[in-house]
Amino acid sequence: MNAQVPAPTLSPDQADAWDALAETFGAAGIDIIAEELHPPQEGKGRVMAIIGKAGSGKTLMLSQITKALLETGVELISPDYEGRRRKDRRSVAILAPTNKAAFVLRMRGVPATTIHRILYTPVYDPEYEKIAEWLTGTGDRPVIEGLSDTALDRAKAFYDQNASIPGALATAGLRGSDFIRGWKRREDGLDVGLIDEASMLDEKQFEDLREIFPVLVLFGDPAQLAPVGQSGEMVFDKLAPAQRLMLNRVHRQADDSPILDLAHALADDRLRFDDFESMIRAAARKDDRVVWAERVESDLMARSPVLVWRNATRIRLIHAFRTAFGAPGDALLPGEPLVCDGLELPVKHRKKRIDLEARGLIKGAQVVYLGPGRKPGFSRLHVIGAEDPRLSAASIVKIEMPDEDEPFIPFAARMGAAFLHGAAVTIHKAQGSQWPEVQVFGPDIAAAAWSNRNEAGVPLWKRLAYVAITRAQERLYWVTKPRLARPSGPLTTDDLISTAPLSLDATEE
């Protein structure tokens with residue numbers, strides 16, 4: 001008999017939060033203590049928030065709550081396929097506002113997806129839906145014209161190992177455009193929604209989620225930057241005290257992280273910017289996970305953008321990056337990073353918008369340009385963090401230039417997905433993302449300190465510094481001068497591995 005892995009020991013604040021959530025789930029008919037399910041209770045929904053700074057154990061709580069719900073028999077909702085709803089089914093979805101935030105959670109073993117992938121559900125071709133029903137145990141083994149028994153066996157073996165319907169169908173030799181006919185806005189409600197990076201939610205997203213989930217649990221960091229236009233207030237700030245469960249103890253210190261030490265030092269009201277930079281320099285002398293950098297590394301910018309406060313800084317760094325790699329003025333090089341700036345599609349193309357958003361091409365998505373598509377104005381793209389990252393879409397690419405009011409547009413479709421360059425991004429846009437190595441442009445943080453601006457009673461420079469440095473998973477570069485290192489080689493796309501075939505047909509019509 002195998003010894004069971006002991007459950008993590010919860011600190012007092014985590015234990016209190018666990019008890020409050022167990023009570024909330026129990027009132028909704030989900031008893032995670034006795035591992036019993038009961039019919040959902042009619043009545044008003046319930047919103048709870050787990051609030052804590054970096055390292056306080058929010059992800060551990062999210063992981064353990066997910067495990068407890070699944071062990072109780074609650075069904076995990078997959079964004080790829082949803083079978084026919086059963087009367088006795090109770091469901092949970094783990095969501096994040098961005099592809100990258102969901103990807104970070106998946107890398108930590110939490111089966112997360114984006115809010116968009118739950119708002120929209122796939123519509124399967126009826127013939128291939130028979131395969132999905134068979135794989136999920138709700139139908140008999142089908143006979144499909146054009147698919148051999150061997151192909152179906154491969155699909156079954158893949159699904160048993162990975163629990164992915166699209167992956168299983170791809171293993172059988174099908175593409176997404178073969179079996180997914182489109183996407184539709186979700187009509188039926190679910191039961192429990194666990195939302196990470198809740199500090200990024202705006203009021204509209206919050207209301208959309210409340211329509212779907214009677215029980216909503218938000219996981220958020222009060223020290224981050226609030227969404228633009230919300231006056232420094234986050235959606236969980238409006239909840240009653242009993243709904244706000246605070247995690248105060250810092251747990252993620254097993255490796256004595258100097259990056260987290262710097263982040264938590266910002267809570268000291270007496271700390272000035274000059275003192276903080278002295279702390280960074282001292283940390284860099286002791287530990288190579290913090291680097292006091294006198295220049296920006298252009299190689300890192302291709303996959304990990306420099307984090308800045310001011311748009312003027314962002315534009316100058318992007319221009320320097322493109323010049324360093326020899327990018328032509330009238331075209332993009334394969335491997336250049338982009339950021340989706342929205343979908344410029346008229347109302348009559350709502351289906352196309354839903355298709356692109358459901359595939360991960362949402363505002364703020366980080367994308368790598370792979371090359372031109374098969375039609376003029378189309379681009380082949382890799383969406384960082386998306387479950388099916390490869391697609392081709394009509395593109396409007398805008399390259400902003402220093403001291404120019406209008407962006408330069410190397411090429412553009414008449415309508416489609418709009419992109420800005422992604423070699424540098426504002427710290428606001430970086431929220432929800434993490435990278436192994438992160439470069440923070442220190443002169444911009446200094447400018448915010450000199451401005452004496454505050455947000456929700458906290459000096460703006462401290463909020464910016466906190467968000468920026470906590471984006472770094474392994475190494476933080478604090479850049480002190482506006483210099484750019486030469487690239488060590490040309491841009492490449494060899495590092496981008498896709499487990500699914502490139503699907504052109506779904507968007508290149």
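These numbers come from a predicted model, not from an experiment. Quick note: residue numbers are just sequence positions, from 1.
Judged by distance alone, the side chains of Y477 and E437 do bring a donor and an acceptor atom under 3.5 Å apart.
Residues passing the side chain to side chain contact (heavy atoms under 4.5 Å, CB included) test with D268, sequence neighbours excluded: R270, L271. Under the rule for a salt bridge (Lys or Arg N to Asp or Glu O under 4.0 Å), the partners of D208 that lie at least two apart in sequence or sit in another chain are R185, K204.
Within 6.0 Å of atom CG in D160, more than 12 heavy atoms from other residues, nucleotides or ligands are found, so the atom counts as buried in its surroundings. In the displayed structure, E23 atom CD is contacted under 6.0 Å by at most 12 heavy atoms of other residues, nucleotides or ligands.
Atom OH of Y128 sits about 7.5 Å away from atom CD1 of I144, to the nearest 0.5 Å. Once rounded to the nearest 0.5 Å, the distance linking CZ of R359 with CG of L381 reads 10.0 Å. L216 CG to F206 CZ: the interatomic distance, rounded to the nearest 0.5 Å, is 6.0 Å. Atom CD1 of residue I115 and atom CG of residue L95 lie 6.0 Å apart, to the nearest 0.5 angstrom.
Under the 4.0 Å criterion applied to side-chain N and carboxylate O atoms, R90 and D191 are assigned as salt-bridge partners.
Of all heavy-atom pairs between D237 and R244, the closest is CA-NH1, 3.5 Å.
Screening N99, L343, L356 for a side-chain contact (heavy atoms from CB on, under 4.5 Å) with I362, the sole residue that qualifies is N99.
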> Please walk me through it: do D153 and F158 pass side-chain contact (heavy atoms from CB on, under 4.5 Å)?
Replying inline: CA-CA 9 Å; D153 289 340; F158 182 94; over 6 Å; no

